[in-house]
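To keep things clear, I will list the structure first and then write my remarks on it.
We count residues from 1, following the sequence as given.
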Amino acid sequence: MITTDFVPGSPCWLDLGAPDTKAATAFYRSVFGWEFRPMSPDSDDYGAFQLGGRTVAGLGKLTEEGARSAWMIYFCVPDADAATETVRQSGGTVRVPPMDAGGEGRMAQYTDPQGGQFAVWQPGGTKGVDAVDETGTLSWTELYTTDMAGAKEFYGNLFGWRTQDMDLAGGGGTYVLVTPSGQPDERMHGGMMQLPAEHLVLTGGKPYWHPVFATADCDATVDKVMAGGGRVMMGPEDAEGVGRLAVCVDPAGADFVVLTPEPGPQG
(Lines give C-alpha, C1' and ligand atoms only; values in the text may rest on other atoms or scores of the structure.)
Protein backbone atom coordinates (compact mmCIF):
# COMPACT_ATOMS: atom_id res chain seq x y z
CA MET A 1 0.00 0.00 0.00
CA ILE A 2 1.03 3.61 -0.53
CA THR A 3 1.12 5.77 2.59
CA THR A 4 1.86 9.43 3.31
CA ASP A 5 4.76 8.34 5.54
CA PHE A 6 7.01 8.82 2.54
CA VAL A 7 10.27 6.89 2.55
CA PRO A 8 13.08 6.96 -0.06
CA GLY A 9 11.93 5.29 -3.27
CA SER A 10 8.21 5.52 -2.51
CA PRO A 11 5.79 7.49 -4.73
CA CYS A 12 5.06 10.81 -3.05
CA TRP A 13 3.64 13.11 -5.72
CA LEU A 14 2.06 12.99 -9.15
CA ASP A 15 0.95 15.62 -11.58
CA LEU A 16 -0.81 15.83 -14.90
CA GLY A 17 0.54 17.78 -17.84
CA ALA A 18 -2.55 18.90 -19.77
CA PRO A 19 -2.93 21.11 -22.87
CA ASP A 20 -6.05 22.70 -21.33
CA THR A 21 -6.10 22.86 -17.54
CA LYS A 22 -9.71 24.05 -17.39
CA ALA A 23 -10.87 21.08 -19.46
CA ALA A 24 -8.79 18.71 -17.34
CA THR A 25 -10.27 20.17 -14.16
CA ALA A 26 -13.80 19.65 -15.46
CA PHE A 27 -13.08 16.05 -16.46
CA TYR A 28 -11.44 14.93 -13.21
CA ARG A 29 -14.06 16.77 -11.14
CA SER A 30 -16.75 14.76 -12.93
CA VAL A 31 -14.88 11.46 -12.46
CA PHE A 32 -13.39 11.73 -8.94
CA GLY A 33 -14.92 14.88 -7.46
CA TRP A 34 -11.59 16.71 -7.46
CA GLU A 35 -11.38 20.49 -7.22
CA PHE A 36 -8.51 22.59 -8.56
CA ARG A 37 -6.65 25.14 -6.46
CA PRO A 38 -4.14 27.23 -8.49
CA MET A 39 -0.78 28.05 -6.91
CA SER A 40 -1.12 31.64 -8.07
CA PRO A 41 -4.38 33.66 -8.07
CA ASP A 42 -3.24 35.20 -11.34
CA SER A 43 -2.71 31.96 -13.26
CA ASP A 44 -4.05 28.43 -13.46
CA ASP A 45 -0.93 27.11 -15.20
CA TYR A 46 -0.09 24.99 -12.13
CA GLY A 47 -1.93 24.02 -9.00
CA ALA A 48 -3.30 21.18 -6.92
CA PHE A 49 -6.16 18.79 -7.37
CA GLN A 50 -7.90 18.46 -4.02
CA LEU A 51 -10.48 16.07 -2.61
CA GLY A 52 -12.22 17.14 0.58
CA GLY A 53 -9.65 19.89 1.04
CA ARG A 54 -6.67 17.53 0.82
CA THR A 55 -4.20 17.59 -2.06
CA VAL A 56 -4.24 14.39 -4.11
CA ALA A 57 -2.27 15.43 -7.23
CA GLY A 58 -0.96 18.37 -9.22
CA LEU A 59 -2.08 19.81 -12.54
CA GLY A 60 0.06 21.87 -14.88
CA LYS A 61 -0.05 23.31 -18.37
CA LEU A 62 1.65 21.03 -20.90
CA THR A 63 4.44 23.15 -22.36
CA GLU A 64 6.99 20.69 -23.73
CA GLU A 65 7.05 20.77 -27.53
CA GLY A 66 5.70 17.55 -29.01
CA ALA A 67 4.96 15.97 -25.63
CA ARG A 68 1.79 13.98 -25.04
CA SER A 69 -0.54 14.70 -22.16
CA ALA A 70 0.40 12.28 -19.38
CA TRP A 71 0.62 11.71 -15.66
CA MET A 72 4.08 12.09 -14.12
CA ILE A 73 4.90 10.08 -11.00
CA TYR A 74 7.45 11.45 -8.51
CA PHE A 75 9.43 9.20 -6.17
CA CYS A 76 10.83 10.42 -2.86
CA VAL A 77 14.60 10.89 -2.63
CA PRO A 78 16.79 12.42 0.10
CA ASP A 79 18.99 14.20 -2.46
CA ALA A 80 17.78 15.11 -5.97
CA ASP A 81 21.28 16.03 -7.11
CA ALA A 82 22.69 12.65 -6.07
CA ALA A 83 19.74 10.91 -7.76
CA THR A 84 20.46 12.84 -10.95
CA GLU A 85 24.06 11.68 -10.98
CA THR A 86 22.93 8.08 -10.49
CA VAL A 87 20.48 8.42 -13.37
CA ARG A 88 23.28 9.65 -15.65
CA GLN A 89 25.66 6.89 -14.56
CA SER A 90 22.96 4.26 -15.09
CA GLY A 91 22.19 5.25 -18.67
CA GLY A 92 19.14 7.43 -18.07
CA THR A 93 18.49 10.92 -19.41
CA VAL A 94 17.92 14.08 -17.38
CA ARG A 95 14.93 15.87 -18.88
CA VAL A 96 14.62 18.55 -16.18
CA PRO A 97 17.71 19.08 -13.99
CA PRO A 98 17.28 19.50 -10.23
CA MET A 99 15.50 22.71 -9.37
CA ASP A 100 13.99 24.28 -6.28
CA ALA A 101 10.23 24.54 -6.02
CA GLY A 102 9.81 27.66 -3.95
CA GLY A 103 11.03 26.11 -0.72
CA GLU A 104 8.48 23.32 -0.95
CA GLY A 105 11.11 20.85 -2.17
CA ARG A 106 13.52 20.06 -4.96
CA MET A 107 12.56 18.16 -8.09
CA ALA A 108 14.01 16.65 -11.25
CA GLN A 109 12.55 14.70 -14.17
CA TYR A 110 14.16 11.86 -16.08
CA THR A 111 13.79 9.28 -18.82
CA ASP A 112 14.93 5.74 -18.01
CA PRO A 113 17.20 3.90 -20.51
CA GLN A 114 14.19 2.15 -22.04
CA GLY A 115 12.24 5.41 -22.55
CA GLY A 116 9.95 5.61 -19.50
CA GLN A 117 9.54 9.10 -18.02
CA PHE A 118 9.39 9.70 -14.26
CA ALA A 119 10.49 12.22 -11.64
CA VAL A 120 11.92 12.57 -8.14
CA TRP A 121 10.99 14.83 -5.25
CA GLN A 122 13.32 15.86 -2.44
CA PRO A 123 10.93 16.96 0.32
CA GLY A 124 11.09 20.45 1.78
CA GLY A 125 8.03 22.26 3.06
CA THR A 126 5.87 19.81 1.13
CA LYS A 127 6.46 16.12 1.79
CA GLY A 128 4.04 14.96 -0.88
CA VAL A 129 0.32 14.55 -1.47
CA ASP A 130 -2.02 14.63 1.53
CA ALA A 131 -4.15 11.57 0.80
CA VAL A 132 -3.45 8.17 -0.76
CA ASP A 133 -4.83 4.64 -0.80
CA GLU A 134 -8.47 5.64 -0.45
CA THR A 135 -11.31 6.33 -2.86
CA GLY A 136 -10.37 8.99 -5.40
CA THR A 137 -6.63 8.94 -4.64
CA LEU A 138 -3.42 7.24 -5.77
CA SER A 139 -3.29 3.60 -4.70
CA TRP A 140 -0.64 2.01 -6.96
CA THR A 141 1.95 2.91 -9.60
CA GLU A 142 2.73 0.86 -12.68
CA LEU A 143 5.40 0.74 -15.38
CA TYR A 144 4.89 -0.88 -18.76
CA THR A 145 8.35 -1.57 -20.14
CA THR A 146 9.88 -3.32 -23.15
CA ASP A 147 12.87 -4.55 -21.13
CA MET A 148 12.12 -5.86 -17.65
CA ALA A 149 15.71 -6.85 -16.88
CA GLY A 150 16.95 -3.40 -17.85
CA ALA A 151 14.21 -1.67 -15.84
CA LYS A 152 14.94 -3.77 -12.75
CA GLU A 153 18.63 -2.91 -12.94
CA PHE A 154 18.09 0.80 -13.54
CA TYR A 155 15.50 1.40 -10.82
CA GLY A 156 17.35 -0.93 -8.45
CA ASN A 157 20.48 1.20 -8.84
CA LEU A 158 18.54 4.40 -8.37
CA PHE A 159 16.07 3.57 -5.59
CA GLY A 160 17.22 0.22 -4.20
CA TRP A 161 13.74 -1.21 -4.72
CA ARG A 162 13.04 -4.74 -3.56
CA THR A 163 11.29 -6.69 -6.32
CA GLN A 164 9.25 -9.88 -6.32
CA ASP A 165 8.12 -11.78 -9.43
CA MET A 166 4.52 -12.92 -9.68
CA ASP A 167 3.15 -15.15 -12.46
CA LEU A 168 -0.01 -13.77 -14.00
CA ALA A 169 -3.05 -16.00 -14.37
CA GLY A 170 -3.65 -17.71 -17.70
CA GLY A 171 -0.04 -17.55 -18.81
CA GLY A 172 -0.16 -13.77 -19.03
CA GLY A 173 3.51 -13.38 -18.20
CA THR A 174 5.32 -12.11 -15.13
CA TYR A 175 4.37 -9.10 -13.04
CA VAL A 176 7.11 -7.62 -10.87
CA LEU A 177 6.00 -6.21 -7.52
CA VAL A 178 7.96 -3.25 -6.12
CA THR A 179 8.62 -2.32 -2.48
CA PRO A 180 10.82 0.49 -1.12
CA SER A 181 14.20 -0.61 0.24
CA GLY A 182 14.08 -1.93 3.79
CA GLN A 183 10.27 -1.88 3.95
CA PRO A 184 7.90 -4.83 4.56
CA ASP A 185 5.55 -6.23 1.93
CA GLU A 186 2.75 -4.07 3.35
CA ARG A 187 4.56 -1.03 1.89
CA MET A 188 4.53 -2.46 -1.66
CA HIS A 189 3.66 0.48 -3.88
CA GLY A 190 3.71 -0.62 -7.50
CA GLY A 191 4.52 -3.04 -10.25
CA MET A 192 6.32 -3.43 -13.54
CA MET A 193 5.24 -5.46 -16.54
CA GLN A 194 7.04 -6.26 -19.78
CA LEU A 195 5.05 -5.70 -22.95
CA PRO A 196 6.07 -5.72 -26.62
CA ALA A 197 6.46 -2.28 -28.18
CA GLU A 198 3.45 -2.82 -30.45
CA HIS A 199 1.21 -3.00 -27.37
CA LEU A 200 2.33 0.43 -26.14
CA VAL A 201 0.18 2.35 -28.57
CA LEU A 202 -0.20 5.52 -26.49
CA THR A 203 3.53 6.23 -26.64
CA GLY A 204 4.44 4.81 -30.02
CA GLY A 205 6.15 1.82 -28.43
CA LYS A 206 8.00 3.57 -25.60
CA PRO A 207 7.69 2.39 -21.97
CA TYR A 208 5.61 4.53 -19.63
CA TRP A 209 4.45 4.90 -16.03
CA HIS A 210 0.84 5.47 -15.06
CA PRO A 211 -1.09 5.92 -11.82
CA VAL A 212 -3.82 3.68 -10.40
CA PHE A 213 -6.64 5.48 -8.59
CA ALA A 214 -8.85 3.72 -6.07
CA THR A 215 -12.61 3.81 -6.52
CA ALA A 216 -15.51 2.32 -4.60
CA ASP A 217 -17.25 1.28 -7.84
CA CYS A 218 -15.10 0.64 -10.90
CA ASP A 219 -18.03 0.32 -13.31
CA ALA A 220 -19.69 3.53 -12.14
CA THR A 221 -16.36 5.38 -12.46
CA VAL A 222 -15.89 4.04 -16.00
CA ASP A 223 -19.33 5.39 -16.88
CA LYS A 224 -18.21 8.82 -15.63
CA VAL A 225 -15.00 8.60 -17.67
CA MET A 226 -16.95 7.97 -20.85
CA ALA A 227 -19.61 10.58 -20.04
CA GLY A 228 -16.80 13.11 -19.58
CA GLY A 229 -15.33 12.44 -23.01
CA GLY A 230 -12.69 9.90 -21.99
CA ARG A 231 -12.35 6.36 -23.27
CA VAL A 232 -11.66 2.91 -21.92
CA MET A 233 -8.79 0.85 -23.31
CA MET A 234 -9.43 -2.25 -21.20
CA GLY A 235 -12.11 -3.45 -18.80
CA PRO A 236 -13.80 -3.18 -16.50
CA GLU A 237 -12.65 -6.67 -15.59
CA ASP A 238 -11.90 -8.70 -12.50
CA ALA A 239 -8.27 -9.49 -11.65
CA GLU A 240 -7.90 -12.36 -9.20
CA GLY A 241 -6.39 -11.24 -5.93
CA VAL A 242 -6.42 -7.60 -7.00
CA GLY A 243 -9.95 -6.37 -7.65
CA ARG A 244 -11.99 -4.91 -10.49
CA LEU A 245 -10.13 -2.52 -12.76
CA ALA A 246 -10.18 -0.60 -16.02
CA VAL A 247 -7.53 1.19 -18.06
CA CYS A 248 -8.82 4.63 -19.02
CA VAL A 249 -7.67 7.60 -21.10
CA ASP A 250 -8.81 11.15 -20.45
CA PRO A 251 -10.01 13.43 -23.31
CA ALA A 252 -6.47 14.79 -23.84
CA GLY A 253 -4.91 11.32 -24.05
CA ALA A 254 -3.45 10.83 -20.54
CA ASP A 255 -3.90 7.27 -19.29
CA PHE A 256 -4.70 6.04 -15.80
CA VAL A 257 -6.21 2.98 -14.15
CA VAL A 258 -9.21 2.85 -11.83
CA LEU A 259 -9.39 0.00 -9.34
CA THR A 260 -11.93 -1.24 -6.85
CA PRO A 261 -9.71 -3.34 -4.57
CA GLU A 262 -10.73 -6.88 -3.72
CA PRO A 263 -12.04 -6.94 -0.14
CA GLY A 264 -9.46 -8.10 2.37
CA PRO A 265 -10.05 -10.89 4.90
CA GLN A 266 -12.42 -10.03 7.68
CA GLY A 267 -10.96 -10.08 11.18
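Of the inter-residue distances, the one linking F49 atom CZ with T55 atom OG1 reads 11.5 Å to the nearest 0.5 angstrom. Note: C218 SG to F213 CZ = 13.5 Å, rounded to the nearest 0.5 Å. Note: K22 NZ to F36 CZ = 9.0 Å, rounded to the nearest 0.5 Å. The CH2 atom of W13 sits 8.5 Å away from atom OH of Y74, with the distance rounded to the nearest 0.5 Å. Atoms CG and OG1, from L177 and T163 in turn, are 9.0 Å apart once rounded to the nearest 0.5 Å. Here the NZ atom belonging to K224 is positioned 13.5 Å from the CZ atom belonging to R29, to the nearest 0.5 angstrom.
In the model, Q114 has no side-chain atom that pairs as donor or acceptor with a side-chain atom of T145 under 3.5 Å. Of the N and O atoms on the side chains of Q164 and Y175, not one donor lies less than 3.5 Å from an acceptor on the other residue.
In this structure the side chain of F27 reaches within 4.5 angstrom of the side chain of V225, judged on heavy atoms. A 4.5 Å side-chain heavy-atom check between C76 and P123 finds at least one atom pair inside the cut-off. Residues R54 and E134 are in side-chain contact: their nearest non-hydrogen atoms beyond the backbone lie under 4.5 Å apart. Side-chain contact between T146 and L195: absent, with no pair of heavy atoms (C-beta onward) separated by less than 4.5 Å. When side chains are defined from C-beta on, T93 does not count as touching R88, because their heavy atoms never get closer than 4.5 Å. The closest side-chain heavy-atom distance from D255 to L202 is below 4.5 Å. Counting heavy atoms from C-beta outward, F32 and L51 have side chains that stay 4.5 Å or more apart. Between S69 and L16, the closest side-chain pair of non-hydrogen atoms falls below 4.5 Å.
M1 and L259 fall into different hydrophobic clusters, where Ile, Leu, Val, Met, Phe, Trp and Tyr are joined by side-chain heavy atoms under 4.5 Å apart, directly or via other members. When hydrophobic clusters are built by joining Ile, Leu, Val, Met, Phe, Trp and Tyr residues whose side-chain heavy atoms come closer than 4.5 Å, directly or via intermediates, M107 is not grouped with V7. With hydrophobic clusters built from ILVMFWY side chains whose heavy atoms lie under 4.5 angstrom apart, M188 shares a cluster with V242. No single ILVMFWY cluster, assembled from side-chain heavy atoms under 4.5 Å apart, contains both M72 and L62.
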Q: For L245 and V258, run side chain to side chain contact (heavy atoms under 4.5 Å, CB included): C-alpha distance rounded to whole Å, both residues' side-chain angles, the deciding distance at 0.1 Å, then the answer.
A: CA-CA 6 Å; L245 57 84; V258 293; over 6 Å; no
Q. Do T3 and R187 pass the side chain to side chain donor-acceptor pair (under 3.5 Å) test, and can you show the C-alpha distance, the side-chain angles, and the key distance before you say yes or no?
A. CA-CA 8 Å; T3 75; R187 293 297 299 272; 3.1 Å; yes
Q: Kindly indicate, with the supporting measurements, whether the criterion side chain to side chain contact (heavy atoms under 4.5 Å, CB included) is fulfilled by T174 and M166.
A: CA-CA 6 Å; T174 301; M166 179 182 73; 5.9 Å; no
Q) Between L138 and L14, is a side chain to side chain contact (heavy atoms under 4.5 Å, CB included) present by the stated rule, with each step listed? A) CA-CA 9 Å; L138 181 69; L14 69 161; 4.1 Å; yes
(Q) I'd like to know whether D165 forms a side chain to side chain contact (heavy atoms under 4.5 Å, CB included) with K152, so could you lay out the CA-CA distance, the side-chain angles of the two residues, the decisive distance to 0.1 Å, and finally the verdict. (A) CA-CA 11 Å; D165 292 354; K152 274 186 176 182; 3.0 Å; yes
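Proximity of a side-chain donor or acceptor of W121 to a complementary backbone N or O of T126 within less than 3.5 Å is detected. Put simply, the side chain of Q122 gets close to the backbone of A80: a donor and an acceptor are under 3.5 Å apart. With hydrogens and angles disregarded, no donor-acceptor distance shorter than 3.5 Å links the side chain of D100 to the backbone of G102. D15 places no side-chain N or O within donor-acceptor distance of the main-chain N or O of G58, the cut-off being under 3.5 Å. The backbone N or O of G150 sits less than 3.5 Å from a side-chain atom of D147, completing a donor-acceptor pair. In this structure, the side chain of S10 does not engage the main chain of P180 through any donor-acceptor pair within 3.5 Å. Of the possible polar contacts, none joining the K127 side chain to the F6 backbone as a donor-acceptor pair under 3.5 Å is found.
Shown here for R162 and P184, the closest heavy-atom pair between the two residues is NH2-C, 3.5 Å. Counting all heavy atoms, side chain and backbone alike, P251 lies closest to G228 at CG-O, 3.5 Å. Between T111 and Q117, the shortest heavy-atom contact is OG1-CG, 3.7 Å. In terms of heavy atoms, T84 sits closest to A108 at OG1-CB, 4.0 Å. Of all heavy-atom pairs between R106 and P98, the closest is NH2-CB, 3.6 Å.
Between D112 and K206, no side-chain nitrogen of the basic residue sits less than 4.0 Å from a carboxylate oxygen of the acidic one, so the salt-bridge criterion is not met. With respect to the salt-bridge test (charged N to carboxylate O, under 4.0 angstrom), the residues D250 and R231 do not qualify.
Remark: of the listed residues T137, T135, T221, T221 is the sole one forming a side chain to side chain donor-acceptor pair (under 3.5 Å) with T215. The ring pair (Phe, Tyr, Trp, His ring centres under 6.0 Å) with H210 is formed by just one residue from the set Y144, W140, F256; it is Y144.
In this view, D167 satisfies the side chain to side chain donor-acceptor pair (under 3.5 Å) rule with no residue, not counting sequence neighbours. In this structure D219 satisfies the salt bridge (Lys or Arg N to Asp or Glu O under 4.0 Å) test together with R244, sequence neighbours excluded.
A cation-pi arrangement is found for R68 relative to Y208, the charged atom lying closer than 6.0 Å to the ring centre and inside a 45° cone about the ring normal.
Hydrophobic clustering, defined by side-chain heavy atoms of Ile, Leu, Val, Met, Phe, Trp and Tyr closer than 4.5 Å, groups V176 together with I73, F75, V77, V87, V94, Y110, F118, V120, L143, M148, F154, Y155, L158, F159, W161, V178, M192, W209.
Dense packing is recorded around CD of E104, with more than 12 heavy atoms of other residues, nucleotides or ligands lying under 6.0 Å away. By the neighbour-count criterion of 12 heavy atoms within 6.0 Å, atom CE of M99 is sparsely surrounded, having that number or fewer from other residues, nucleotides or ligands.
Ring geometry, W71 versus Y28: the interplanar angle exceeds 60°, so the pair is classed perpendicular (tilted spans 30 to 60°).
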